[in-house]
Structures are given as structure tokens and as C-alpha cells.
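First up is the structure itself, then whatever we jot down about it.
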Protein chains: 2
Amino acid sequence: MGAAASRDDLVPALAEVFREHGFEGASLALIGARLGLGKGSLYHHFPGGKEEMAARVLEAIEAWFEAEMFRPLREDPDPARAVRAMLAASDAYFRSGRRVCLVGAFALGAVRDRFARRIDAYFAAWRDALADALTRAGAEPAASRDLAEDAVTAIQGALVTASALQDPELFGRTLRRLGARLEAAMKPAA
Amino acid sequence: MGAAASRDDLVPALAEVFREHGFEGASLALIGARLGLGKGSLYHHFPGGKEEMAARVLEAIEAWFEAEMFRPLREDPDPARAVRAMLAASDAYFRSGRRVCLVGAFALGAVRDRFARRIDAYFAAWRDALADALTRAGAEPAASRDLAEDAVTAIQGALVTASALQDPELFGRTLRRLGARLEAAMKPAA
DNA sequence: CCGGGCCTGTACCGATCGGTACAGAGATTC
DNA sequence: GAATCTCTGTACCGATCGGTACAGGCCCGG
């Protein structure tokens with residue numbers, strides 16, 4: 001379908017193709033068709049081929065999360081607000097469960113090893129940034145780490161089951177449950 | 001490596017290959033090598049090709065979960081015990097987070113649509129059986145449904161993040177947190 | 001000893017895979 | 001206006017894809 005109008009839209013469009021078809025399933029023919037580019041152009045912009053395309057996509061995703069979620073979690077003077085913003089940003093980014101997490105999908109597949117460092121870094125940064133915010137919001141450090149792990153896990157799981165059951169609302173319900181758990185932990189005292 | 005000794009070991013061995021490489025990544029050459037069979041034998045046992053292989057694998061998985069987890073959840077006269085047994089069975093089946101859920105991996109990929117009914121049925125049966133057990137254990141029906149959805153989601157998410165972070169212990173920690181939440185709900189009164 | 005299943009390996013098929021080579025279009029620069 | 005540089009489409013490469021055809025090995029009942 002639609003050609004990518006601008007060059008800067010190339011990576012997001014690539015991300016969408018990888019999200020929908022996975023790394024192995026996204027053939028160069030398919031990518032070219034979706035981006036409106038022939039192989040010549042593809043290899044001009046990404047001399048490293050598919051591997052570089054995927055690497056650039058992972059890079060862009062990590063940069064987006066870092067700027068929009070992880071940094072606020074670490075630096076916002078109001079950590080509770082940053083936590084709530086994270087949940088809202090998750091709902092927006094994953095299109096309320098209609099979109100899949102590319103990094104999570106890569107983690108389950110055979111490509112995991114090829115991009116191990118980036119995949120690991122993405123989840124570790126998310127977990128650590130959230131734990132930091134929870135601690136700053138008054139939770140015990142140990143409890144914060146536990147809860148942060150729980151939160152990232154719940155979001156990933158919700159993307160899996162929402163996709164499996166074709167039930168996008170499941171994602172919203174999970175975020176609500178998760179929000180309640182996070183709020184409870186952030187209250188300075190029970 | 002090792003050839004599958006008996007014919008009955010074919011499907012479990014197939015499942016392992018699909019788990020490790022995904023549907024698209026599991027080529028017939030790879031499958032043949034892992035099962036110690038040539039294409040002739042492969043197509044003799046599975047005339048429908050890869051599609052039938054995957055279908056038989058999903059069938060076998062669903063049958064195992066039905067017998068070992070879902071039915072006990074629905075029928076065990078001691079539902080609380082069945083819930084605890086489910087957590088233990090999950091830990092065993094997924095090798096404490098070292099193994100991935102094939103159904104979940106399929107759900108995230110492009111193959112989802114091809115096996116939509118089976119994937120949907122697997123997760124729906126799990127959720128509904130667990131909700132049934134929780135209700136029988138004294139929880140409110142609405143809370144049971146919520147908690148059951150939460151549990152299946154948490155387990156799937158833990159498999160994603162454990163694989164991503166190469167941290168199998170994350171799976172056990174998630175099961176412990178989940179167990180605590182389930183136990184709390186099963187107490188007849190707070 | 002022999003005929004006929006069941007099961008197997010192998011050669012082969014057209015299609016598609018990721019990747020390369022290259023010639024030319026279009027704009028820009030002097 | 002000629003040279004240059006960026007970007008593009010297309011033809012082509014060997015390898016591999018899923019799948020088919022088929023001949024023969026094995027083992028059985030007769």
C-alpha cells in the first residue's frame with residue numbers, strides 16, 4: 001500500500017511491518033511493497049540489509065520509550081504522576097492492546113539471540129526506571145523492584161493474551177488492575 | 001540431533017522445534033534433522049505438511065493442559081488445591097521459565113490468524129477453568145473472572161520477560177506473587 | 001519364497017528467499 | 001551545460017523454501 005512519504009517515516013513504517021509479520025516473516029519483497037521502495041532504495045538506506053533495518057527499528061523504539069517513559073519515571077519531580085503517565089503512554093503506544101510489542105515478539109522468537117543486548121536493555125531499562133519512580137514515591141526499594149517487574153510482566157502478558165483472544169479490552173482491564181496495585185504501593189503509609 | 005525413537009514422540013519433538021524457532025523459522029530441513037526423518041517420512045506422517053504438523057502440536061498441547069490443569073480446576077472437589085496444583089504444573093511445564101509458550105508465541109506472530117480458533121480456545125479454556133475454581137473456592141464470580149484473566153496474563157508475560165532478560169528466576173517470582181494474590185482471593189472472608 | 005502393505009531416502013519442482021550489480025533518473029553545483 | 005551526487009528500479013545471483021514423485025527397503029501374512 002501507501003508509500004512512505006518522507007524518508008524519516010521509513011523506520012516507523014518498518015517497525016509496523018516487523019510488528020505484524022515478525023523478523024523472519026517480513027520479507028524484503030513485503031517490506032519494499034509496504035514502504036513503496038524497491039530493493040535498490042532499501043539497500044541504499046540500510047546497507048546492512050534486514051539486520052540493519054531491525055536494529056534501527058529497535059533503536060528507535062528504545063529511544064522513544066527512553067524519552068517518553070523512562071526518563072520521566074526517573075526524573076519527574078512528581079514520581080506518582082510519572083507512573084500514571086507511563087500507564088497512559090502504554091495504552092496509547094500499544095493502541096489499547098491492538099498493537100503488539102515488537103521487542104516482546106522478538107524475545108519469544110529465534111531472533112532473540114541476534115538482538116539479545118538490545119532486547120535485554122529495553123526491558124531492564126523499563127523495569128529499573130519504574131522501580132526508581134516507585135521508590136521515590138515512597139515505596140520500599142525491595143517492594144518497588146518487585147512491583148516494577150510485575151508491572152512490565154503484566155503489560156507484556158496482556159499484549160499476548162489480548163492478541164490471542166482478539167480482545168483488545170483485556171489490555172485496558174489489565175492496566176486498570178495494575179494501576180490500582182501501583183497506587184496502593186505509592187501511598188506513603190497503608 | 002537425536003532421532004525420535006518412537007512414532008509417538010514425534011509430536012512432542014515437533015513442538016520443541018516450533019517453540020524454539022517459531023512456525024516460519026522451523027523449516028522442513030530443520031524439522032527433518034531434529035526428528036531424524038527425511039521429507040518422505042515427514043509427509044507420510046503429516047500429509048498436510050507444516051500446517052498439519054503445527055495443528056497436531058497445538059492439539060496435543062491443548063489436550064495436555066485440558067487433562068492436567070483445566071479439568072482439575074473445574075472438577076477437583078478441593079478447588080484451592082487445584083489452583084495450587086496449576087501453579088506447580090505451570091512451573092514444571094514451562095521449565096521454570098526456560099521454556100516458552102508455543103501458543104503465546106504463535107499469538108504474537110503472523111501465524112495467529114491461521115490457527116486463531118485453537119489459540120483462542122486454549123487461552124479461553126485456561127481463563128474460564130481457573131475462574132471456575134476460584135468461584136468454587138469462595139471468591140465472588142466477578143472477582144474470579146478478573147483474577148483468572150490476571151493470572152493467565154501474568155504467566156504469559158513472565159514467559160516473555162524471562163526470555164527477554166534471560167532470567168528464568170523471574171518466572172518463579174511471578175508465580176509466587178500470583179500465588180499470593182490467588183490465595184488471598186480464596187480466603188472465604190478477608 | 002513371495003506379494004503387498006508401511007515407511008523411508010532422494011531427486012526434483014517452481015517459487016521465493018536475502019543480497020548484489022548496475023544503469024539511469026533527478027536534482028544540484030560549478 | 002557538463003560533471004557530480006543521491007536515490008531509484010530492475011535484472012540477476014546462489015541458496016533455500018514447502019511440497020511432490022517415486023523407487024526401493026523393511027517386515028509382515030500367506
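We name chains A, B, ... by the order of the sequence lines, and we start the count at 1 in each one.
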Test ring-ring contact (aromatic ring centres under 6.0 Å, His included) applied to B:Phe106 and B:Phe115, B:Tyr122, B:Phe123, the passing residue: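 Of B:Phe115, B:Tyr122, B:Phe123, ring-ring contact (aromatic ring centres under 6.0 Å, His included) with B:Phe106 is met by B:Phe115 alone.
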Is B:Arg145 paired with B:Asp132 through a side-chain N to carboxylate O contact shorter than 4.0 Å?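 So B:Asp132 does not pair with B:Arg145 through a salt bridge.
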Nucleotide of D:dG9, D:dG19, C:dG9 approaching B:Ser41 most closely (side-chain heavy atoms):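 Output: C:dG9.
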To the side chain of B:His44, which of D:dG9, C:dC6, C:dG9 is closest?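 Nearest to the side-chain atoms of B:His44, counting from C-beta on, is C:dC6.
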Roughly, in whole Å, what's the span from [atom1] in [X] to [atom2] in [N]?
{"X": "A:Tyr43", "N": "D:dG9", "atom1": "OH", "atom2": "P", "result": "15 Å"}
{"X": "A:His21", "N": "C:dG18", "atom1": "NE2", "atom2": "P", "result": "12 Å"}
{"X": "A:Glu51", "N": "C:dG18", "atom1": "CD", "atom2": "P", "result": "13 Å"}
{"X": "A:Met53", "N": "C:dG18", "atom1": "CE", "atom2": "C1'", "result": "9 Å"}
{"X": "A:Phe46", "N": "C:dG19", "atom1": "CZ", "atom2": "P", "result": "13 Å"}
{"X": "B:Arg114", "N": "D:dG18", "atom1": "CZ", "atom2": "C1'", "result": "11 Å"}

Below the 4.0 Å mark, does C:dT8 have OP1 or OP2 next to a side-chain nitrogen or oxygen of B:His45?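 Yes, B:His45 has a side-chain N/O under 4.0 Å of OP1/OP2 on C:dT8.
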Select base, sugar-phosphate, or nothing to describe what B:Gly40 touches, counting heavy atoms under 4.0 Å on all strands.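 Base, at least one base heavy atom under 4.0 Å.
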Whether B:Arg112 side chain and A:Ser163 backbone form a donor-acceptor pair below 3.5 Å: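 At least one qualifying donor-acceptor pair exists.
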Cation-pi geometry met for B:Arg99 and B:Tyr93 (6.0 Å, 45°):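 Flagged: B:Arg99 positioned over aromatic ring of B:Tyr93.
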Can you name the atoms? Protein N/O to nucleotides 13-17 of chain D N/O, anything below 3.5 Å, with the distance.
residue: D:dC17; atom: OP1; partner: B:Ser27; partner atom: OG; Å: 3.1

Would you say A:Leu14 and A:Phe46 make side-chain contact, with heavy atoms under 4.5 Å?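 A side-chain contact under 4.5 Å exists here.
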Kindly determine whether B:Lys50 and B:Glu24 satisfy salt bridge (charged side-chain N to carboxylate O under 4.0 Å, His left out), including the steps that lead there. CA-CA 9 Å; B:Lys50 257 178 89 168; B:Glu24 336 241 13; over 6 Å; no
